**Q** 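Dropping a structure here in structure tokens format, bear with me for questions.
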Amino acid sequence: MSDKNESNKVEEIDFTSGPSMQKVIKKSKRKQTIKYVIITVLTTTILLTLLFLGSNYILNKRVDTQDSSYDMVHGANISSGGTTYTYNLFSITTETTYKKTIGDRSIVWDKEVKKVPLFGRIKTIEKGSGMMEVNYMNEDAKRYVRYNDFNNERKIDFYYPNLPYDYLPHELDIAAGLDENKLIEVALSFKEPMTMAETAKNLGQDNVNWLWVDTTTPAQMDRMKDELDHDSLKTKGGGGAFGFDVSPGSPYSEESGQGFIVTLEQLSKTDSHKSSIKEALKGIKENTQSTNGEIRLNGAVVTGTPKELKRFQNLDFIRASILGATTDKY
């Protein structure tokens with residue numbers, strides 16, 4: 001009996017409370033903590049890298065849809081002067097500069113800032129020429145004159161062949177009378193659509209910068225005749241016109257027109273403006289049925305000094321002419 005009591009009195013030995021054991025436990029906990037931290041850091045780094053690479057890939061694909069080739073076929077005498085890109089994790093901000101060529105000089109015409117998000121619509125957040133356009137009646141010009149808010153230069157308009165107008169301006173006469181130190185842009189509208197060969201023969205090559213291609217379908221022309229009653233509603237703004245650049249170094253010909261169509265067809269599959277491009281191709285297809293597939297031209301942009309522009313005066317196939325941007329020659 002006494003042996004049993006003595007055994008109950010024997011104190012249990014605590015192996016974990018010893019100093020050596022505590023050191024082992026702390027060391028083990030430290031190793032475990034460091035292990036977890038390393039795993040967390042590596043996992044986070046890998047996930048962030050994958051997120052960044054994936055985001056960058058998607059954003060670059062979206063930017064690629066903003067094909068600069070569109071500027072080669074759209075916008076009268078307007079071309080891209082280059083784009084800068086600012087990358088963020090979930091978006092890219094692009095800033096594109098546009099220019100016009102007038103004679104042998106170039107002027108900055110516009111700057112446009114766009115935000116390209118990872119998902120959702122691409123938004124224009126700033127435009128040098130203005131996000132909204134306000135037209136004012138110019139009593140001297142007897143028409144609505146549009147100005148570019150970015151540089152306060154005149155914008156050009158075209159007048160469609162065969163559409164009735166109350167007044168047809170002939171501002172080429174004004175251009176021919178300006179100071180000889182000026183380089184001047186003038187938009188010419190034809191009385192009737194002409195093929196490339198007809199235009200080259202009648203208009204010539206010198207001082208011709210840009211050609212306006214007929215992309216309006218007969219049905220659209222009929223609607224404009226029936227539904228639009230004011231001249232300003234029936235003109236085509238130069239910034240929204242389809243056409244292509246030409247230069248004396250590479251005279252335009254029917255091959256130029258075919259190259260224009262090929263570019264449109266390529267853009268109709270990839271570009272963010274594919275809807276308007278397809279509509280333009282539809283108009284070209286309908287309009288070229290009477291010309292054996294040769295594209296028709298409704299007008300042109302010519303530039304130069306007053307002396308150089310005088311040769312375009314009194315040409316009977318020109319229906320209207322609009323004074324555009326100007327710059328000093330020297």
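All of these numbers come straight from a predicted model, not from anything done at the bench.
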**Q** Membership question, hydrophobic clusters at under 4.5 Å side-chain separation (ILVMFWY): are Y98 and V113 in the same one?
**A**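 Result: no, two separate clusters.
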**Q** To check you understand the geometry: which heavy-atom pair defines the closest contact between L168 and A320, and what is its length?
**A**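 Distance-wise, the nearest heavy atoms are CD2-CB, 4.3 Å.
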**Q** I want to check something: taking the side chain as every heavy atom from C-beta on, are D179 and P306 in contact at a cut-off of under 4.5 Å?
**A**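 No, side chains not in contact.
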**Q** May I ask you to test the K155-W109 pair for a side-chain heavy-atom distance under 4.5 Å?
**A**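 Result yes, sub-4.5 Å side-chain heavy-atom pair found.
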**Q** Looking at OG1 of T84 and CD1 of I92, how far apart are the two atoms once the value is rounded to the nearest 0.5 Å?
**A**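 If we round to the nearest 0.5 Å, T84:OG1 and I92:CD1 are 11.5 Å apart.
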**Q** Is there a path from V301 to V246 through hydrophobic residues (I, L, V, M, F, W, Y) whose side chains come within less than 4.5 Å of each other?
**A**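 They do not share one cluster, since no chain of ILVMFWY contacts under 4.5 Å joins V301 to V246.
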**Q** To the nearest 0.5 angstrom, please state how far the CG atom of N148 sits from the CG atom of N152.
**A**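 That separation rounds to 8.5 Å.
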**Q** How would you list, by chain and number, every residue that makes a side chain to side chain donor-acceptor pair (under 3.5 Å) with S276, sequence neighbours excluded?
**A**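 S276 satisfies side chain to side chain donor-acceptor pair (under 3.5 Å) with no other residue.
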**Q** Taking it one step at a time, do R143 and E171 satisfy salt bridge (Lys or Arg N to Asp or Glu O under 4.0 Å)?
**A** CA-CA 11 Å; R143 68 178 182 88; E171 296 175 4; 2.7 Å; yes
**Q** When you look at T303 and V186, which way does the side chain to side chain contact (heavy atoms under 4.5 Å, CB included) test go after all the steps?
**A** CA-CA 6 Å; T303 69; V186 178; over 6 Å; no
**Q** Parallel under 30°, tilted from 30 to 60°, perpendicular over 60°: which one fits the rings of Y87 and Y85?
**A**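 Tilted, since the angle between the ring planes falls between 30° and 60°.
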**Q** With a 4.5 Å cut-off on side-chain heavy atoms, are K191 and I318 touching?
**A**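 Answer no - side chains too far apart.
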**Q** Just by distance, do the side chain of T288 and the backbone of K285 share a donor-acceptor pair under 3.5 Å?
**A**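 Flag set: sc T288 to bb K285 pair under 3.5 Å.
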**Q** Test: side chain to side chain donor-acceptor pair (under 3.5 Å). Region: residues 210-226. Which pairs qualify, not counting sequence neighbours?
**A**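 Only D214-N287, D214-R296, D214-N298, T217-Q220, Q220-E279 qualify under side chain to side chain donor-acceptor pair (under 3.5 Å).
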**Q** Using atom types as modelled and distance alone, determine if a side-chain donor or acceptor of N88 lies under 3.5 Å from a backbone N or O of F90.
**A**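 Answer holds: no.
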**Q** What are the two closest heavy atoms between D245 and S79, and how far apart are they?
**A**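 Minimum heavy-atom separation between D245 and S79: OD2-CB, 4.4 Å.
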**Q** Cut-off 3.5 Å, side chains only: do N209 and T101 have a donor facing an acceptor?
**A**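 N209 vs T101: no donor-acceptor pair found between side chains.
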**Q** Measure the shortest side-chain to side-chain distance between P169 and I322 over non-hydrogen atoms and say whether it is less than 4.5 angstrom.
**A**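 Contact flag for P169/I322 side chains = yes.
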**Q** Hey, what do you get for OG1 (T94) to CD1 (I122), rounding to the nearest 0.5 Å?
**A**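 Taking OG1 in T94 and CD1 in I122, the distance rounds to 8.0 Å.
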**Q** Donor-acceptor pairs under 3.5 Å, side chain of residues 307-314 to any protein atom, not counting sequence neighbours: which ones?
**A**
| unit_1 | atom_1 | unit_2 | atom_2 | d |
| --- | --- | --- | --- | --- |
| E308 | OE1 | N207 | ND2 | 3.4 |
| E308 | OE1 | T305 | N | 2.9 |
| E308 | OE1 | T305 | OG1 | 3.4 |
| R311 | NH1 | L203 | O | 3.1 |
| R311 | NH2 | L203 | O | 3.1 |
| R311 | NH2 | D206 | O | 2.6 |
| Q313 | NE2 | D173 | OD1 | 2.8 |

**Q** Between Y165 and K234 (side chain of the first, backbone of the second, donor and acceptor by atom type, cut-off under 3.5 Å), is there such a pair?
**A**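 A pair under 3.5 Å: yes.
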**Q** What pair of heavy atoms forms the shortest contact from A200 to Q205, and how long is it?
**A**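 Here A200 and Q205 meet closest at CB-NE2, 4.0 Å.
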**Q** Apply side chain to side chain contact (heavy atoms under 4.5 Å, CB included) to K111 and E95, showing your working.
**A** CA-CA 7 Å; K111 285 188 178 181; E95 181 175 320; 4.0 Å; yes
**Q** Can you name the one residue among Y159, F317, Y160 that meets ring-ring contact (aromatic ring centres under 6.0 Å, His included) with F190?
**A**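 When Y159, F317, Y160 are each tested with F190, the ring-ring contact (aromatic ring centres under 6.0 Å, His included) holds only for F317.
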**Q** Can you check side chain to side chain contact (heavy atoms under 4.5 Å, CB included) on T235 and F158, steps first, answer last?
**A** CA-CA 6 Å; T235 58; F158 292 104; over 6 Å; no
**Q** Please determine if D157 and K236 form a salt bridge, counting it only when a charged side-chain N lies under 4.0 Å from a carboxylate O.
**A**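 A salt bridge is absent here (no side-chain N lies under 4.0 Å from a carboxylate O).
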**Q** Just how far is it from atom CZ of F260 to atom CE of M196, taken to the nearest 0.5 Å?
**A**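 It comes to 9.0 Å.
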**Q** Locate the shortest heavy-atom distance separating L267 from K274; write the atom from each residue and the value.
**A**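 Shortest heavy-atom separation between L267 and K274 comes out as O-CB, 4.2 Å.
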**Q** F242 and I78: same hydrophobic cluster, using ILVMFWY side-chain contacts below 4.5 Å?
**A**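 No, F242 and I78 fall in different hydrophobic clusters.
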**Q** For a salt bridge (charged side-chain N to carboxylate O under 4.0 Å, His left out) with E185, tell me which candidate from R105, R154, K100 qualifies.
**A**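 Among R105, R154, K100, the one that satisfies the salt bridge (charged side-chain N to carboxylate O under 4.0 Å, His left out) with E185 is K100.
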**Q** Has S321 got a side-chain atom pairing as donor or acceptor with L172's backbone, closer than 3.5 angstrom?
**A**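 Yes: the side chain of S321 pairs with the backbone of L172.
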**Q** Which heavy atom of T195 sits nearest to which heavy atom of T291, and what is that distance?
**A**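 Residues T195 and T291, closest heavy atoms: CG2-CG2, 4.1 Å.
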**Q** Evaluate N202 against M194 for side chain to side chain contact (heavy atoms under 4.5 Å, CB included), listing each step before the verdict.
**A** CA-CA 9 Å; N202 294 322; M194 293 191 292; 3.3 Å; yes
**Q** Roughly how far, to the nearest 0.5 Å, is the OG1 atom of T263 from the CZ atom of F244?
**A**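 So the gap between those two atoms works out to 10.0 Å.
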**Q** Same cluster for I156 and V145 if Ile/Leu/Val/Met/Phe/Trp/Tyr side chains link at under 4.5 Å?
**A**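 In one cluster with I156: V145, no.
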**Q** Strictly distance-based, threshold 3.5 Å: is any side-chain N or O of N60 a donor or acceptor partner for the main-chain N or O of N56?
**A**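 Answer holds: yes.
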**Q** Scan D110, T83, D71 and name whichever one has a side-chain hydrogen bond (donor to acceptor under 3.5 Å, both in side chains) with T96.
**A**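 Testing T96 for a side-chain hydrogen bond (donor to acceptor under 3.5 Å, both in side chains) against D110, T83, D71 leaves exactly one candidate, T83.
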**Q** Using 30° and 60° as the class limits, which term best fits the ring planes of H230 and Y144: parallel, tilted or perpendicular?
**A**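 Geometry flag for Y144 against H230: perpendicular rings.
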**Q** What is the distance from atom CG of L264 to atom CE of M72, rounded to the nearest 0.5 Å?
**A**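 One gets 10.5 Å once the value is rounded to the nearest 0.5 Å.
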**Q** Spell out, yes or no, whether V108 and I184 are grouped together once hydrophobic residues are joined by side-chain heavy atoms under 4.5 Å, including indirect joins.
**A**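 Each belongs to a different hydrophobic cluster.
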**Q** So if I apply the side chain to side chain contact (heavy atoms under 4.5 Å, CB included) rule between L183 and each of T327, I107, L178, which one comes out positive?
**A**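 Considering T327, I107, L178, a side chain to side chain contact (heavy atoms under 4.5 Å, CB included) with L183 is found only for T327.
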**Q** Within the supplied structure, the quantity of interest is the number of heavy atoms (other residues, nucleotides, ligands) at a distance under 6.0 Å from Y57 OH; does it exceed 12?
**A**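 Open.
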**Q** Considering residues, nucleotides and ligands other than D328, do more than 12 of their heavy atoms fall under 6.0 Å from its CG?
**A**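 Counting other residues, nucleotides and ligands, CG of D328 exceeds 12 neighbours.
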**Q** Indicate yes or no for a side-chain donor-acceptor contact from K115 to the backbone of S91 under 3.5 Å, with no hydrogens or angles considered.
**A**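 The answer is no, because no donor-acceptor pair under 3.5 Å joins these two groups.
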**Q** Show the nearest heavy-atom pair for residues I102 and T326, with the distance to one decimal.
**A**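 Between these two residues, the closest heavy atoms are CD1-N, 4.3 Å.
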